[in-house]
Peer 1: 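Handing you a structure now.
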Amino acid sequence: MQILKLRKGDRLAKRGEKVSNWYVIQTGQVVQCCRVEELLLKENFVIGMLEEDFFWCDYIAKSEVSVIVLPRQDAGGLKKLLAEMPAFRGMFLSSTLMHKHRELMLYSSLVKNTRSYYDTLQSCYESYQTLCDELSLEELKFPEFSNLTPIQLVHRAEGWEVNQSNSLMRGMITEYLHVVEKDEDLVVGCIMETGRSLKRICQGIDEMDAYLYDQKDILLCERGMDMFGLFFDLSVRAAKSGADITKIRNILDELCDWIKNLNIYDESLVARRMSEYRNFDYEHPDIDANMDVLPQDFFTYVLTFADYEPADIREKKAIFDSYAGMEGMDRDKELVKLKRSIINTFYDVYEKCFFKAAETGNLPAAISMFLNFGVLDQDQLNDELMNELFAATRRLSRFNTDHVFTMFEWLMKIYNGERMPSKNEFDLDYDGWLKEKKKNGEMDDAVIAKMRRSSRQRVIFEIRNLFESGQRITYGKITTFVPMLRAVDMINTPSKMAVTAEKINDAVNEIRAIDFSLLYRQVLFEDNEHGVKSEMIQVEVMPDMILMPNCGTKAAMWQETSGVRRDSPARFIFPIFTIADLPDMMLANMGRYRWEICRRIQGVHWNDIREKSLTSEYSDYIQFYKKNRDLSQEAKEKLKMSLTRAKNSYREVFVMDYVNWIKYESAGGFRLNKVSRDILIKYCPFAKNIRNYLKSNPMFGNTFAKFEADQTKEHTHFKAVNDKLEKAGGTVTKALKENLIYYEM
């Protein structure tokens, strides 16, 4: 066994050099030098063991170093080595897991950096264009910006890999090593498997390194035609025109810090360009003291806006600080008490801030950040998240459309009377709740009349019901729930986790493209004057999607209609940030909507098989499946297991089948039994292009033929209705035209 001595600064191995030996650090420290990062390796770390054919990095001695040199081994040689030297088992395993963890942390850091690089430059250029427009100054042409593209990683680390590594390093490593090192095959398997996955991770790191180096001139380069130069030039021209250049200088200061922290530029270049900016002789205008910037003490700022007294703010802050110090002690009685206080405080502050913003029209960016994203305590987040979320308040249009709303915008709809409050947990809407209060003698007619007219009371009802319950539901983890946004839940960047209106619409449209009748309702059309009486036409009603100000993992179909009218929108709730798969969340909840809208339309007959409907036929199928001769024994066993998983909820069994129907059966992958498939064909038919693709299959063909015959019959009927109406001088409305299109789908 050879011992190699190195002096400070000596290179132990070079990037791209063939791995012929492994090096076990006995004493001293070695720096692992990647192109944009450096990692410090200490005693017992094994260099080269996981790098297969070639070294991925340079390895430089940070001090005097002593290493054990071992010939490179394959799996068989490694097993033999560990059998001869069992003391190496724990060392090799520990080094393997630590190496992977460090590379995963580097990978995660670079993912953030590369994404941040693209997002920040995009944001900067938008800011530049906006500032030029605001200051009436000409934009300089910047063709280099067209070269900026988001990174497209080929080699990726999965989230579960990061989570697994984090879990090991947080305290499970000793137990894991104790179990695995007992068996040579386990040790060898762990090392070889880790080496394979680490190769992919390091290839991803290389891709991100290359991306930053390829794109770095867009931010800063020798010739000055870069993003930094654009803002420097703008600041000079704006100062000469007598304009306030505070915004521009703030951006320049942030760019200076960012450029230094990226650590991808030559130090002399950075020093020169920064010096040109810092030493420029500006004629400084007065700085606007009311400029809307991110407050340093966010918590105090929000509670001050909500008109809390200073002493009360200090008391509340102490509670939040105490909670932060006890997180993880979920069963501790004191922590439960603190959480209850924090939850009550959050909703009280939210209510006060909302009404002040609504009544005064004053909505500072920081308050918008609280009302839309749930940010309250800056100590629960980090500076990067705070800055990104603050910046996101300037792009709130991404979260709001005609049918997608942030919580603040939704409450404003309630406040302005554009939407009525949602149902409470007892399935009572606002009017029904008032009637219940009168029935119980809690309110008289005068009070109820006043409550009906009160914008404030409608909002309070919505906050106490939809908002408070919705926050808990969409968060998804009951034991750790608190309503404020926290870094522990934000495991990715806000831009990646954001549930934007575009993502919502894409997820809905993906389902609508398959289940074309999903959002259609039958409503009555009459035009007696022109001879049209009582025609039930199909009208598509898009649901309202309300984004809870949290980072969660669940969504819910809150109510299938907004009121007594059959054609009022359904209401769904989603977290505004999520790590879950949004299309999957949407699909499951659209299944629940399918069930509940049928129940609503059928009323008391929803499970009466004499009244044919989706819910009645499905309930009958599940209730009597054991006697159903159309089901094989295997299908019966599978349904029994589904019932157990669904806790005997017929609706949830249907949801499971609906997910399979949309995801797999629509593509020709058969997952359902004959009975459930026949019901879904009948009540959740596929769009025409999918039917055409599947109709050659005998499982679908006959049923599709009947369905299409019925569609043709209805189309002929409504074409005649429209023609009759038009000839009589009536108007063929948009709804009638769309109804005709429905029967062509």
Peer 1: Are the side chain of N382 and the backbone of E384 linked by a donor-acceptor contact shorter than 3.5 Å?
Peer 2: yes
Peer 1: Looking only at side chains, do Q122 and Y118 share a donor and an acceptor under 3.5 Å apart?
Peer 2: yes
Peer 1: Among N550, T553, T578, find the one that has a side chain to side chain donor-acceptor pair (under 3.5 Å) with T474.
Peer 2: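 Option passing the side chain to side chain donor-acceptor pair (under 3.5 Å) with T474: N550.
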Peer 1: How about NZ on K477, more than 12 heavy atoms from neighbouring residues, nucleotides or ligands closer than 6.0 Å, or not?
Peer 2: yes
Peer 1: Testing the 3.5 Å rule here: is there a donor-acceptor pair between the side chains of T406 and N372?
Peer 2: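 Indeed, the side chains of T406 and N372 share at least one donor-acceptor pair under 3.5 Å.
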Peer 1: Looking only at atom types and distance, does a side-chain atom of R594 sit under 3.5 Å from a main-chain N or O of Y683, one as donor and one as acceptor?
Peer 2: yes
Peer 1: Can you tell me if W661 uses its side chain to pair, donor with acceptor, with the backbone of C684 under 3.5 Å?
Peer 2: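 The answer is yes, because a donor-acceptor pair under 3.5 Å joins these two groups.
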Peer 1: Are F399 and F373 close enough that their ring centers fall under 6.0 Å?
Peer 2: yes
Peer 1: Name all residues meeting the ring pair (Phe, Tyr, Trp, His ring centres under 6.0 Å) criterion together with Y664; count only those two or more places apart in sequence or in a different chain, and write none if there are none.
Peer 2: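 Per chain and number, Y664 pairs via ring pair (Phe, Tyr, Trp, His ring centres under 6.0 Å) with no residue.
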Peer 1: Test D427 against K423 for salt bridge (Lys or Arg N to Asp or Glu O under 4.0 Å), laying out the working first.
Peer 2: CA-CA 5 Å; D427 204 34; K423 293 179 180 179; 3.5 Å; yes
Peer 1: Assert yes or no for the condition that the ring centre distance of Y347 to F354 is strictly below 6.0 Å.
Peer 2: no
Peer 1: Taking ring pair (Phe, Tyr, Trp, His ring centres under 6.0 Å) as the definition, give me every residue that meets it alongside F718, ordered by chain and number, with sequence neighbours left out.
Peer 2: Y743
Peer 1: Between F426 and W433 (judged by ring centroids, cut-off 6.0 Å), do the two rings come close enough to count as a pair?
Peer 2: no
Peer 1: So, does N440 use its side chain to make a donor-acceptor pair with the main chain of E436 at under 3.5 Å?
Peer 2: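 Pair found, side chain donor or acceptor close to backbone of E436.
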Peer 1: List the residues meeting salt bridge (Lys or Arg N to Asp or Glu O under 4.0 Å) with K503, not counting sequence neighbours, and say none if there are none.
Peer 2: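 If we apply the salt bridge (Lys or Arg N to Asp or Glu O under 4.0 Å) test to K503, skipping adjacent residues, there are no hits.
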Peer 1: Would you please test Y658 and D515 for side-chain hydrogen bond (donor to acceptor under 3.5 Å, both in side chains) and show each step?
Peer 2: CA-CA 10 Å; Y658 182 78; D515 181 4; 2.7 Å; yes
Peer 1: Tell me whether N344 contacts the main-chain N or O of R340 through its side chain, where contact means a donor paired with an acceptor under 3.5 Å.
Peer 2: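 Side chain of N344 to backbone of R340: a pair is present.
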Peer 1: Taking side-chain contact (heavy atoms from CB on, under 4.5 Å) as the criterion, tell me which of I367, L363, L396, L547 meets it with F408.
Peer 2: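 Per the side-chain contact (heavy atoms from CB on, under 4.5 Å) rule, the option paired with F408 is L363, out of I367, L363, L396, L547.
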